[in-house]
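The block underneath contains the structure these notes are about, expressed in structure tokens.
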Amino acid sequence: MSVRVRFAPSPTGEPHIGNVRTVVFNWLFARKMGGQFILRIEDTDRVRYRPETIPVIMEGLRWLGLDWDEGPGLEELRHAGVENAEAYAVGGPYGPYIQSERLPLYKQVAEELVAAGWAYRCNCTPERLEEVRQTQRARGQPPMYDRHCRYRPPDAISPDEPHVIRLKVPLTGRTVFQDVIKGEVVFENAGIDDQVLLKSDGFPTYHLAVVVDDHYMKVTHVIRGDDWVPSTPKHVLLYQALGWDLPVFCHVPLVTMPGGKKLAKREGATSITEFRKQGYLAEALLNFLALLGWAPGEGETQEIFRREELIERFDLYRVNRAPAAFSYDKLDWMNGVYIRSLSPDELLERLLPFWQEAGLVPVPCPPPTRAVLRRIVPLIQERIKHLTDVVEMTDFFFVDIAPPSADDMLAQGLDAERAREVLRRTREVLADVPDFSEEAIEPPLRALVEELGLTNRQVFGLIRVATTGKAVSPPLFGTLSILGRERVLARLEAAERQFQP
RNA sequence: GCCCCCAUCGUCUAGCCUGGUUAGGACACGGGCCUUUCAAGCCCGAAACACGGGUUCAAAUCCCGUUGGGGGUACCA
């Protein structure tokens, strides 16, 4: 039987990076096993529901290269109010893939459970429930539903009045399940709450919906975050009540923030959209995420794995049991590695939107500008860790700079008189070179250093500040060449004027 | 509180299952080389088996406990 796994986000916002890592494991496992990866939208929480996040979630997955074999089709996406639904519709033989489109199914299963004595109706008010919990807490007891309605006559609550349906958890015994990375996990039934399966608004809770859908969608491996472990016995009970085969459970450890603390906005990106905006490459993020909690083992020290290599080597059974802290440092390094591995043309394509976003390059990019960009790229390729870094590093190519302060230009220890001389002589030399190519510029400039009896650092440093306005810039000769004679001479002159009394 | 999970350098990890390693790699960090700045690259360095008991000739590896961390405890997922 073919492996079938799923990612089932709740459209209440963008999944945080820990969830995304879990998706990566699901996807990798499906691809590795030649199985199917299913996308299912779990929109059963009507209070927090935000339909506009559905396409955002899908865009994120696509950007990362995590394609799904089955998922919401055209009609369901339109029902959900997704604009441009055609762009996202995939469909599949076990749809619908949006839970709000499957309500009758959940209702039917819940009623079957009631009829079979595995569930019961409950019309306790939220107020009563809260009261019960309060007193339990006060007594130091675990807060659980007190099963008030469980012991009322079956016809005490009419199917027509508002009520919920709860799972009738066995009072004794234990529920056991096997987990791919944890092994056997045991729960005492006495500690398991009579979970609500069907809410009073007719929507199922996660617990009912996930079991029903995973069953009917023929999901073979439930790979999800560790936080679901305590709910799993409820699901197991449901499978048993329904007489359905259990899927293989695999609870992967959670991802924490660098400090080891819970994932939270604040410091750094937490969603795919944010990483994308901050100039990370999809292939770098994928590589990084795959290695967060998983390693090929067997003494392997390689860390850079292309998508195909990840698929080939990924092993669900080797996923680490301990939680992993997200490391922006390591991601940044890896992003740099991927940036450096790109061809200059490819890098240019990736960089273009960031230059445009910053307003440095027009949209669309005119061919002559593109030619200039193509010359800039090799100069900055090994100097950026994020695509966004290019903006600050190259802005002086596109906009006029203010003449640098005298202080900035004297940072290399020259006095004003000397600095003026250097700038003047540089201007003379550069005015004379036959063409403004890097090759034509470098030798006379080096000769000038000799002539003035100064160091490379002193002379080139000054020229750098004068022409780019920065103490740190791409390599000088290439930079000057791209800037062009006219602008270089003008900036040198402006810089020189800074020393006029 | 109760339940569940987890524990190797600061971080990600290899090693653990099938006890015997100078406990390996990477990021970050420190130093050096290269060098027009910054990077990149190369070399070197510092850095870990949480603690306590067992079992054993031998424990990072197996068992128990402690501590610590995380998760769950909703008509959220």
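Note on naming: letters A, B, ... go to the chains in the order of the sequence lines (proteins, then strands), and numbering restarts at 1 for each one. As the structure is a prediction and not an experimental result, all values here were calculated from the model.
For Glu450(A), the CD atom counts as loosely surrounded, since its 6.0 Å shell holds 12 or fewer non-hydrogen atoms of other residues, nucleotides or ligands. Atom CD of Glu309(A) is surrounded by more than 12 heavy atoms from other residues, nucleotides or ligands within 6.0 Å.
Among residues two or more places apart in sequence or in another chain, the side chain to side chain donor-acceptor pair (under 3.5 Å) test is passed with Glu131(A) by none. With sequence neighbours left out, the side chain to side chain donor-acceptor pair (under 3.5 Å) criterion links Glu382(A) to no other residue. Taking the side chain to side chain donor-acceptor pair (under 3.5 Å) definition, one finds that Glu451(A) meets it with Arg425(A), sequence neighbours left out.
With no hydrogens or angles considered, a side-chain donor-acceptor pair links Asn123(A) and Arg152(A) at under 3.5 Å. Side-chain N/O atoms of Arg375(A) and Ser481(A) include a donor and acceptor closer than 3.5 Å.
The base of rU36(B) lies outside donor-acceptor range of the side chain of Arg457(A), with no N or O pair under 3.5 Å.
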Every protein N/O within reach of nucleotides 75-77 of chain B N/O, cut-off under 3.5 Å:
unit_1, atom_1, unit_2, atom_2, d
rC75(B), O2, Ser200(A), N, 2.8
rC75(B), O2, Ser200(A), OG, 2.7
rC75(B), N3, Ser200(A), OG, 3.0
rC75(B), N4, Cys124(A), O, 3.3
rC76(B), OP2, Lys199(A), NZ, 2.8
rC76(B), O2', Asp45(A), OD2, 2.4
rC76(B), O2', Arg48(A), NH2, 3.1
rC76(B), O2, Arg48(A), NH2, 3.1
rA77(B), OP1, Thr44(A), OG1, 2.6
rA77(B), OP1, Lys199(A), NZ, 2.9
rA77(B), OP2, Tyr206(A), N, 3.1
rA77(B), O3', Glu42(A), OE1, 3.1

List every contact pair, protein side and nucleotides 30-35 of chain B side both N or O, where the distance is under 3.5 Å.
none

Give each protein N/O atom lying under 3.5 Å from an N/O atom of nucleotides 39-42 of chain B, with the pair distance.
unit_1, atom_1, unit_2, atom_2, d
rA39(B), O2', Glu382(A), O, 2.4
rA39(B), N1, Glu382(A), OE2, 3.0
rA39(B), N3, Glu382(A), OE2, 3.1
rA40(B), OP1, Lys385(A), NZ, 3.3
rA40(B), O3', Arg340(A), NH1, 3.1
rG41(B), OP1, Arg340(A), NH1, 3.3

Polar atom pairs between nucleotides 43-48 of chain B and protein, under 3.5 Å, N or O only, would you list them?
none

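Under the side-chain hydrogen bond (donor to acceptor under 3.5 Å, both in side chains) criterion, no residue pair touches residues 314-327 of chain A, with sequence neighbours excluded. Within the structure, ring-ring contact (aromatic ring centres under 6.0 Å, His included) contacts touching residues 442-483 of chain A (residues at least two apart or in different chains) are Phe460(A)-Phe477(A). Counting only residues at least two apart or on different chains, the salt bridge (charged side-chain N to carboxylate O under 4.0 Å, His left out) pairs with a member in residues 458-483 of chain A are Asp395(A)-Lys470(A). Note on residues 121-148 of chain A: no pairs pass ring-ring contact (aromatic ring centres under 6.0 Å, His included), not counting sequence neighbours.
Distance His235(A) NE2 to rG72(B) P: 14 Å, rounded to the nearest Å. One can place CD of Gln134(A) at 17 Å from P of rG1(B), the figure rounded to the nearest angstrom. Rounded to whole Å, the distance from CD1 on Ile441(A) to C1' on rU36(B) is 14 Å. Summarising the geometry, the separation between CD1 on Ile304(A) and C1' on rA26(B) is reported as 9 Å, rounded to the nearest angstrom. Rounded to an integer number of Å, the gap from Gln141(A) CD to rC2(B) C1' is 10 Å. Here rA74(B) presents its P atom at 20 Å from CD1 of Ile165(A), a figure rounded to the nearest Å. Distance Met393(A) CE to rU37(B) C1': 11 Å, rounded to the nearest Å. Remark: P of rA26(B) and CG of Asn287(A) are 16 Å apart, rounded to the nearest angstrom.
For the P atoms, the distance linking rU55(B) with rC63(B) amounts to 15 Å, nearest Å. To the nearest whole angstrom, the two P atoms, one in rC6(B) and one in rA23(B), are 27 Å apart. As rounded to the nearest Å, rA47(B) and rU22(B) have C1' atoms that lie 16 Å from one another.
Picking from rC4(B), rC38(B), rG71(B) the nucleotide with the shortest atom distance to the side chain of Val229(A) gives rC4(B).
Using N1 to N3 plus N6-O4 or O6-N4 for Watson-Crick, or N1-O2 and O6-N3 for G-U wobble, each under 3.5 Å, rC51(B) pairs with rG65(B). Within the shown strands, nothing qualifies as a pairing partner of rU35(B) under the Watson-Crick or G-U definition with both distances less than 3.5 Å. Pairing for rA14(B) is absent, judged as Watson-Crick or G-U wobble with the two contacts each under 3.5 Å. Pair assignment for rG1(B) gives rU73(B), based on Watson-Crick or G-U wobble hydrogen-bonding distances that are each under 3.5 Å. Across all strands shown, rA46(B) has no partner, as no Watson-Crick or G-U wobble contact with both distances under 3.5 Å is found.
In summary, Arg48(A) and Asp45(A) engage in a salt bridge, as defined by a charged side-chain N under 4.0 Å from a carboxylate O. Ion pairing between Glu303(A) and Lys330(A) holds under the 4.0 Å rule for side-chain N and carboxylate O. Taking a cutoff of 4.0 Å between a charged side-chain nitrogen and a carboxylate oxygen, Arg6(A) and Asp213(A) do not qualify as a salt bridge. Comment: Asp194(A) does not engage Lys168(A) in a salt bridge, judged by the lack of any side-chain N to carboxylate O separation of less than 4.0 angstrom.
Note: Tyr328(A) and Phe326(A) meet the aromatic proximity criterion, with ring centroids under 6.0 Å apart.
Looking at heavy-atom distances under 4.0 Å, Gly140(A) makes contact with sugar-phosphate atoms alone, never a base. When heavy atoms are screened at a 4.0 angstrom cut-off, Phe288(A) is found touching no nucleic acid atom at all. Here Val186(A) lies in heavy-atom contact (under 4.0 Å) with sugar-phosphate atoms only.
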Legend entry - Heavy-atom protein contacts under 4.0 Å, nucleotides 6-16 of chain B, coded B base, S sugar-phosphate only, - none: SS---SBSSS-
Inset, instruction - Would you please test Asp193(A) and Lys234(A) for salt bridge (charged side-chain N to carboxylate O under 4.0 Å, His left out) and show each step? - result: CA-CA 8 Å; Asp193(A) 208 355; Lys234(A) 297 169 185 172; 5.9 Å; no
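Side-chain contact between Trp228(A) and Val222(A): absent, with no pair of heavy atoms (C-beta onward) separated by less than 4.5 Å.
Between Phe460(A) and Pro142(A), the residue anchored nearer the 5' end of RNA chain B, judged by the nucleotide with its closest heavy atom, is Pro142(A).
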